[in-house]
Amino acid sequence: MKRNLKTIWIGTTITLLFFIILFQLLRMDVLNRIFTVQEKPQKKVSVMTSSKAGAGEQLMVTILAKPEDAANDLILKNITYAFTYAKVPFTFKRPEELRQIKPSPYHVIVTTTEAANQWPYDTIRSFVEQGGRLYIANRFFDPKWNDLTGIQENNGFFKEDMYGLSIEKPFFPGYKTVVDKNGAMPNSMMNVVLKENAQVYVKAEGVPMLWTYAYGKGKVVYWNATFLSTKMTRGLITQALGLAVPKLVTAQAAVKVMFIDDFPAPIPSGNTAAIHRDYDMSTKAFFETVWWDNMKSIAKTQKILYTTGFIGTYRNDTSLRASDLIKNSRDQMVRFGRESLHMGDELGFHGYNHQPLVTKEEPIDPGLGYTPWQSQQQMEYAIAQARTLFSHYFPKQTIRTYVPPSNILRETGLRALMKELPSLKIIASVYDGAGLPGVFEQEFGLDDNDLFHLPRISSGYGQLPVMEFVIMDAIANFGVFSHFIHPDDVLDESRSGGEGWREMRKGFDDLMTRVNKTYPYLKPYTASEAREKLMRYNESRLDVYYGENEIAISGKQIVNPSDIFIRVEQGKQLDTGSFDGYTVRKLGTVYAVAFTKPFLTIRMKDVK
């Protein structure tokens, strides 16, 4: 009996010691470091090249301007970016040089200003009459041009702006009528009555905004609008070009990137009204057992990879050292960070705290209430503490992506980041900064510091009509979906629109369902993977040759596989399915083509 008691006592002691040791190991994160998540291998993007030329004519877009005019002409700036992203070839010419352009269905003159009195009317009219194409990207008042542009009666400019838009004749999948109640899409427009055979594609408050008009052997595309000066219209700019020519090929990067800002980050303690009301649990329990589980489920079903932006603390000072951050961040870094990495996600950097990296000499909107940094040295110290926090929990991972808090970043902060994070490859701020002071607005591409700019185009869970339009327009331009959300949106009544998490989750899931259904060729990438794809995409050159019943495609350093849209004129049709080196699927008014050969010929047929 005594022997049995002794055995039990020894066994109990050993078990107790085991759990004590295990507890201490967990507290010291020894097991996390022993069984650390290995870094995901970086995908290589292959390319292909062909110098073979096809039979047929190449598109020539001539913009009636000088390249330097884009500094003061936002419509011109957007057109040059839109066509560059979509791999549409273009050149600039002065008015007197237009006589050199031979009329052709694949020769397009583009105007962007209101200076019609400076354009050679007789030259342009003759060009269109003999088969050329004219693309007017900004409305102007000059009755002399009415006959050429399809205007029966022009009563001049409306005194008030027109808002929103309605799609009268579909010309690209995903575009919907937008009722603009918040004044996000203002347009100065003319009060016009069009000729009977003008084809209206878009209206704003009942007024024709976009139409085409056949003149002689040619055609005119007319934008009775001014909002092509905003980035949210680059897809409209690109796809409306397809209304001018018999056939049009535009390139698609086919990239889908999803960011979660402020994650992992400290979770507010206690209860939040919206969470307690709907789930009767603490805020911490909600994020651990509801929000994150839902986000993982959506990622799996909707084919999303997250790129997150971690934060060490929400304090406004730098009093916490790396050891403090490590101690305070254990739960979120181990639980959320490890699970995210196991899903194939990327952990990016959002900040030591949520204070944008700016000094008091670098002005931002004071209404945001942020505390400026004292110096670059203070920034560097804080970044180094956050880097140590990251390395403690993820020693095999590399920080490649930085997301600026509130999308604000200035020169001092950029220098500090480059010094303390030599592994940094990507800055992910915003595509459209709305002109706000300090906001780091970006285009897609490498800068002089070898940093890749990967802006986020849209944000939010349940989409407002204008935001969904922004999403669809960027895809229409060059096939990029770049979106971000915050975990704590659900805690903020203004950002949540007064909705609870159930409604927000459904809105997010529904949004991704629409994106995936409308554009099924988009592929999920982390920010680092998207960088590789978009760098190769930007460096590529696409050559397209248009024949009567075929389109030949070749180029240099083309991404393999590549994606394009093809629009064909009424009466023509492409066969869908899989063929030698390419596949074709019909997406509304265009064809989505994916190809793996550096030269291919796509044939079409006549239909009644």
Side-chain angles (χ1 to χ4, degrees), residues 184 230-232 257-266 307-318 347-387 399-421 424-445 447-449 451-460 467 470 482-489 491-492 494-495 527:
T230 67
K231 283 186 174 183
M232 72 170 69
V257 192
M258 177 65 66
F259 292 85
I260 306 179
D261 293 3
D262 308 319
F263 182 75
T307 297
T308 69
F310 81 89
I311 283 180
T313 176
Y314 280 109
R315 294 173 64 104
N316 294 345
D317 55 46
T318 57
L347 298 190
F349 180 49
H350 200 37
Y352 166 90
N353 54 21
H354 204 272
Q355 302 301 307
L357 294 176
V358 296
T359 63
K360 63 181 179 180
E361 290 78 23
E362 298 170 316
I364 64 173
D365 182 359
L368 295 172
Y370 285 123
T371 303
W373 295 74
Q374 296 173 11
S375 64
Q376 179 177 328
Q377 289 70 32
Q378 188 192 31
M379 296 177 186
E380 291 170 1
Y381 170 81
I383 294 169
Q385 304 309 300
R387 185 189 64 223
I399 296 178
R400 292 187 173 89
T401 301
Y402 175 67
V403 177
S406 295
N407 301 300
I408 294 171
L409 180 65
R410 299 296 293 268
E411 291 78 7
T412 306
L414 191 57
R415 290 195 298 269
L417 286 165
M418 293 174 61
K419 182 177 179 181
E420 292 299 325
L421 292 177
L424 193 66
K425 298 293 184 183
I426 300 154
I427 304 290
S429 184
V430 286
Y431 194 44
D432 189 346
L436 297 175
V439 172
F440 195 67
E441 184 173 302
Q442 298 176 292
E443 298 291 345
F444 290 84
D447 66 14
D448 294 338
N449 298 313
L451 291 173
F452 191 84
H453 292 247
L454 181 61
R456 286 89 63 76
I457 296 168
S458 52
S459 64
M467 185 60 73
V470 169
S482 181
H483 191 82
F484 73 96
I485 55 177
H486 301 90
D488 64 352
D489 284 347
L491 307 181
D492 188 294
S494 62
R495 280 187 278 155

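Numbers here simply count residues along the sequence, with the first being 1.
Here the OH atom belonging to Tyr352 is positioned 12.0 Å from the CD1 atom belonging to Ile383, to the nearest 0.5 angstrom. Atom CG of residue Asp489 and atom OG of residue Ser459 lie 8.0 Å apart, to the nearest 0.5 angstrom. Note that CE of Met379 and CG of Leu414 are 10.5 Å apart. Values are rounded to the nearest 0.5 Å. Here the straight-line distance linking atom OH of Tyr381 with atom CH2 of Trp373 works out to 10.5 Å at 0.5 Å rounding. Taken to the nearest 0.5 Å, the CE atom of Met258 stands 11.0 Å off from the CZ atom of Arg456. Here Ile457 contributes atom CD1 and Met232 contributes atom CE; the two are 12.0 Å apart, rounded to the nearest 0.5 Å.
Pairing each heavy atom of Ser482 with each of Pro455, the nearest pair is OG-O, 2.9 Å. Nearest heavy atom pair, residue Thr401 against residue Ala527, reads OG1-CB, 3.5 Å. Closest approach of Pro356 to Pro405, counting heavy atoms only: CG-O, 3.7 Å. Closest heavy-atom contact between Gly312 and Pro266: O-CG, 3.7 Å. For the residue pair Thr308 and Pro264, the shortest heavy atom distance occurs at OG1-CD, 4.1 Å. Between Ile485 and Gly460, the closest heavy-atom pair is CG2-O, 3.5 Å.
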Worked verdict on Ile426 versus Leu451 for side chain to side chain contact (heavy atoms under 4.5 Å, CB included): CA-CA 5 Å; Ile426 300 154; Leu451 291 173; over 6 Å; no
Please step through side chain to side chain contact (heavy atoms under 4.5 Å, CB included) for the pair Asn353 and Arg315, ending with a clear verdict. CA-CA 6 Å; Asn353 54 21; Arg315 294 173 64 104; 5.7 Å; no
Between Lys231 and Glu441, is a salt bridge (Lys or Arg N to Asp or Glu O under 4.0 Å) present by the stated rule, with each step listed? CA-CA 11 Å; Lys231 283 186 174 183; Glu441 184 173 302; 3.3 Å; yes
Report the C-alpha distance between Ser406 and His354 in whole Å, list the side-chain angles of each, state the deciding distance to 0.1 Å, and finish with yes or no for side chain to side chain contact (heavy atoms under 4.5 Å, CB included). CA-CA 8 Å; Ser406 295; His354 204 272; 3.8 Å; yes
Passes side chain to side chain contact (heavy atoms under 4.5 Å, CB included), Asn449 versus Met418? Steps please. CA-CA 9 Å; Asn449 298 313; Met418 293 174 61; 3.5 Å; yes
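Atom CD of Glu443 has more than 12 neighbouring heavy atoms from other residues, nucleotides or ligands inside a 6.0 Å radius.
Ring to ring, Phe444 and Tyr431 are close: their centroids are under 6.0 angstrom apart.
Side-chain atoms of Thr318 and Gln378, non-hydrogen and from C-beta on, do get closer than 4.5 Å to each other. Side-chain contact between Asp365 and Pro437: present, with at least one pair of heavy atoms (C-beta onward) separated by less than 4.5 Å. No side-chain heavy atom of Pro372 sits under 4.5 Å from any side-chain heavy atom of Thr359. Side-chain contact between Leu454 and Ile427: absent, with no pair of heavy atoms (C-beta onward) separated by less than 4.5 Å. Val403 has its side chain within reach of Phe259: a pair of non-hydrogen atoms, C-beta onward, lies under 4.5 Å apart. Counting heavy atoms from C-beta outward, Leu417 and Leu409 have side chains that approach closer than 4.5 Å.
Between the side chain of Arg410 and the backbone N or O of Val358 there is no donor-acceptor pair closer than 3.5 Å. Of the possible polar contacts, none joining the Ser458 side chain to the Met467 backbone as a donor-acceptor pair under 3.5 Å is found. No side-chain donor-acceptor contact under 3.5 Å links Thr371 to the backbone of Asn316. Between the side chain of His350 and the main chain of Tyr402, no donor-acceptor pair closer than 3.5 Å is present.
Qualifying side-chain contact (heavy atoms from CB on, under 4.5 Å) partners for His453, counting only residues two or more places apart in sequence or in other chains: Phe440, Gln442, Asp447. In this view, Phe310 and Phe349, Phe390 satisfy the ring pair (Phe, Tyr, Trp, His ring centres under 6.0 Å) rule, not counting sequence neighbours.
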